[in-house]
There are 2 protein chains.
Amino acid sequence: MVTQTRQSQRRRQVLSRERIVEAAVELLDTEGEGALTVRALSERLSTGSGAIYHHVGNMGELLQAATGTVVAGALPPLRAPAGSPQTPESTGSPEDAIRAVALGLFDAAAEHPWLAAQLAAQLTRSPWGAVTPRIFESIGRQVRALDVPRRDWFATTSTLVHYILGATAQNAQTPDRTGDGALPGSADERSEFLDAASRAWRDLDPDDYPFLHEIADQMREHEDREQFLAGIGLILTGITAGRPSGPPGDHHGAG
Amino acid sequence: MVTQTRQSQRRRQVLSRERIVEAAVELLDTEGEGALTVRALSERLSTGSGAIYHHVGNMGELLQAATGTVVAGALPPLRAPAGSPQTPESTGSPEDAIRAVALGLFDAAAEHPWLAAQLAAQLTRSPWGAVTPRIFESIGRQVRALDVPRRDWFATTSTLVHYILGATAQNAQTPDRTGDGALPGSADERSEFLDAASRAWRDLDPDDYPFLHEIADQMREHEDREQFLAGIGLILTGITAGRPSGPPGDHHGAG
DNA sequence: ACCTGAACACCGTTCAAGT
DNA sequence: ACCTGAACACCGTTCAAGT
């Protein structure tokens with residue numbers, strides 16, 4: 001029996017910050033980055049533009065909140081869920097946990113094409129806002145678990161975070177919509193993009209850009225995720241190679 | 001024939017793409033990111049807004065050009081200057097050359113506070129536009145010189161570039177102008193910023209953010225450049241540790 | 001060809017007025 | 001307290017009209 005609907009969902013739920021942020025994410029996902037305007041948002045929520053400002057302050061705060069919720073959903077929970085003694089990522093090796101966190105962000109950026117630009121913007125505009133600490137904490141815990149000397153915790157974690165955000169920002173990209181062929185976000189579109197980029201490298205003056213000419217093919221054929229993980233692996237190798245008590249005969253960094 | 005028209009600098013030079021880009025950089029440097037508008041630009045150039053569009057297409061292209069010129073000035077020349085057989089950076093070790101390129105960008109971002117955001121935006125919006133290839137070439141040449149196996153050239157270079165851009169984006173930042181005390185860009189301002197960020201970390205719930213609580217002090221006291229270089233060092237260690245040949249003496253990249 | 005500058009179609013944000 | 005929506009002060013971009 002459906003007649004017992006107390007909250008009349010038919011008309012309109014009460015406006016709330018949560019509902020606004022949720023609608024913003026939907027708008028960004030479905031209509032793209034440029035479609036998030038106060039007007040579009042208030043129309044979708046069947047309210048006036050001014051109503052938005054009763055809950056969110058301004059546009060930048062809204063974007064930050066939208067980014068924050070998506071990022072939070074892409075990372076492991078900060079606390080162990082009630083009942084389980086450990087957080088999920090603490091069961092495997094720290095290396096694997098770092099890879100999992102990194103891939104979580106990477107995949108989220110692939111799913112939400114606007115996310116990469118927002119992560120980058122947040123990095124520069126208000127680095128210590130809401131999302132950077134979240135990422136920093138998730139990575140840092142694993143760095144600590146890697147036997148990195150305490151004095152290197154911040155530098156090591158920063159290196160990983162900077163790489164992850166930089167790589168995520170670049171990889172989740174497709175060309176400026178020209179309305180060509182493939183579906184947005186499809187593998188086809190990505191491969192068209194890489195094709196075009198590879199051609200662009202080959203069109204550069206070979207005297208100025210000899211290296212780009214040499215790796216234009218490699219660039220076209222690379223797998224995004226695989227290469228992203230290769231970068232993580234490189235940094236992890238650097239971290240463990242530099243640790244104090246390693247395998248016999250190993251050297252340690254003399255900072 | 002036109003008889004020696006000496007450019008009368010008093011009145012107004014002919015409008016050109018170059019002059020517009022130059023004026024844009026000045027505007028960004030002196031008035032900040034939000035001050036670059038077509039109207040402000042055309043006023044500074046004593047021309048009409050429409051004139052701008054005869055030379056630059058649109059705002060995004062202008063920002064890209066501005067970023068491009070600053071980046072080009074911050075990196076070593078692509079070709080050796082006439083007369084010298086080598087590019088300057090090829091005299092030392094590849095590691096040092098990589099550090100020099102990275103620091104060039106890092107310092108440019110410190111000098112031009114708007115640059116970091118633009119680099120990040122360019123990374124995401126049109127990754128293969130004008131500036132990314134430039135950086136890629138400069139780093140990639142040195143990667144090749146490091147005896148990295150050919151098949152890893154692209155992945156290795158990408159890792160370095162992503163880290164450099166991510167770290168540059170974050171480090172060159174100061175808080176959202178609150179008109180507080182210190183001079184913009186000064187060491188004082190940076191230290192005020194780190195102070196505030198450190199406090200923000202300490203204000204987070206310690207049950208959710210135990211790691212951030214542990215390194216809040218380290219974060220406040222870190223030196224930007226030093227830490228940036230530590231990250232480069234970590235990656236370089238990962239690169240050289242992963243190289244194929246073990247025996248000291250001769251190792252050449254195999255096919 | 002190059003430039004002018006009013007006009008257009010948007011923005012984010014505010015605020016008196018409503019409930 | 002919460003919401004409305006017209007109004008304000010901006011944007012980027014266009015384009016008939018000038019030189």
Side-chain angles (χ1 to χ4, degrees), chain A residues 7-25 27-28 31-67 114 117-118 121-122 125-126 129 176-178, chain B residues 1-2 5 7-25 27-28 31-67 114 117-118 121-122 125-126 176-178:
Chain A
Q7 296 261 10
S8 71
Q9 219 181 7
R10 325 184 313 96
R11 196 65 180 159
R12 194 200 319 138
Q13 283 178 251
V14 183
L15 203 57
S16 69
R17 188 185 162 95
E18 245 179 19
R19 255 177 65 75
I20 292 172
V21 172
E22 185 192 347
V25 171
L27 208 47
L28 287 165
E31 314 275 336
E33 210 171 340
L36 179 61
T37 68
V38 176
R39 279 166 181 81
L41 199 56
S42 57
E43 191 191 1
R44 181 179 269 250
L45 292 164
S46 1
T47 183
S49 26
I52 306 287
Y53 290 89
H54 271 269
H55 296 91
V56 278
N58 58 43
M59 199 68 212
E61 193 185 314
L62 178 56
L63 269 163
Q64 198 159 326
T67 306
W114 51 275
Q118 275 313 306
Q122 232 127 109
R125 241 175 287 271
S126 55
D176 295 331
R177 292 285 135 86
T178 44
Chain B
M1 295 298 260
V2 184
T5 55
Q7 309 245 3
S8 68
Q9 222 179 1
R10 326 187 312 99
R11 195 66 178 158
R12 192 198 324 134
Q13 282 178 252
V14 184
L15 203 55
S16 69
R17 189 185 160 94
E18 244 180 19
R19 254 177 65 73
I20 292 171
V21 172
E22 183 192 350
V25 171
L27 208 45
L28 287 164
E31 314 275 336
E33 210 171 340
L36 179 60
T37 68
V38 176
R39 279 166 180 81
L41 199 56
S42 57
E43 192 190 1
R44 182 179 269 250
L45 291 164
S46 1
T47 182
S49 23
I52 307 286
Y53 290 89
H54 272 270
H55 297 91
V56 279
N58 59 42
M59 200 66 214
E61 194 184 314
L62 177 56
L63 268 163
Q64 198 159 326
T67 307
W114 52 274
Q118 275 313 305
Q122 232 127 108
R125 244 174 285 271
S126 56
D176 296 330
R177 293 284 136 86
T178 44

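Just so it is clear, the values below take in all heavy atoms, side chains as well, and ignore hydrogens, waters and symmetry mates. Chain letters run A, B, ... following the sequence lines, proteins first, then strands; residues in each count from 1. Owing to the predicted nature of the structure, the values given are computational and were not obtained by experimental measurement.
Where A:Leu36 and B:Gly50 each meet DNA chain C at their nearest nucleotide, the meeting point lying more 5' is that of B:Gly50. Looking at which nucleotide of DNA chain D each of A:Ala51 and B:Gly57 is closest to, the 5′-most match is held by A:Ala51.
Nucleotide C:dC3 holds its C1' atom 11 Å from the CD1 atom of B:Ile20, rounded to whole Å. C:dT13 atom C1' lies 14 Å from atom CG of A:Leu62, rounded to whole Å. Atom P of nucleotide D:dC11 and atom CG of B:Asn58 are separated by 17 Å, given to the nearest angstrom. A:His54 has its NE2 atom 15 Å from the P atom of C:dT19, to the nearest Å. Whole-Å rounding puts the A:Glu43 CD to C:dG12 C1' distance at 17 Å. Atom P of nucleotide C:dC3 and atom CG of B:Leu41 are separated by 13 Å, given to the nearest angstrom. As rounded to whole Å, 14 Å separates atom C1' of C:dT14 from atom CD1 of A:Ile52.
Note on A:Ser49: a base of the nucleic acid sits closer than 4.0 angstrom, heavy atoms only.
Minimum atom distance to the side chain of A:Arg39 is reached by C:dC11, of the listed C:dC11, C:dC3, D:dG12. Residue A:Val38 has its side chain nearest to C:dT13 when only D:dT14, C:dT13, C:dC11 are considered. Nearest nucleotide to the A:Leu15 side chain, out of C:dC3, D:dC3, C:dT14: D:dC3. Among D:dG12, C:dT13, C:dC3, the nucleotide with an atom closest to any side-chain atom of B:Tyr53 is D:dG12.
In terms of phosphate contacts, B:His55 brings no side-chain nitrogen or oxygen within less than 4.0 Å of OP1 or OP2 of C:dC2.
Partner of B:Arg17 under the side chain to side chain donor-acceptor pair (under 3.5 Å) criterion, out of B:Glu22, B:His55, B:Glu61: B:Glu61 alone.
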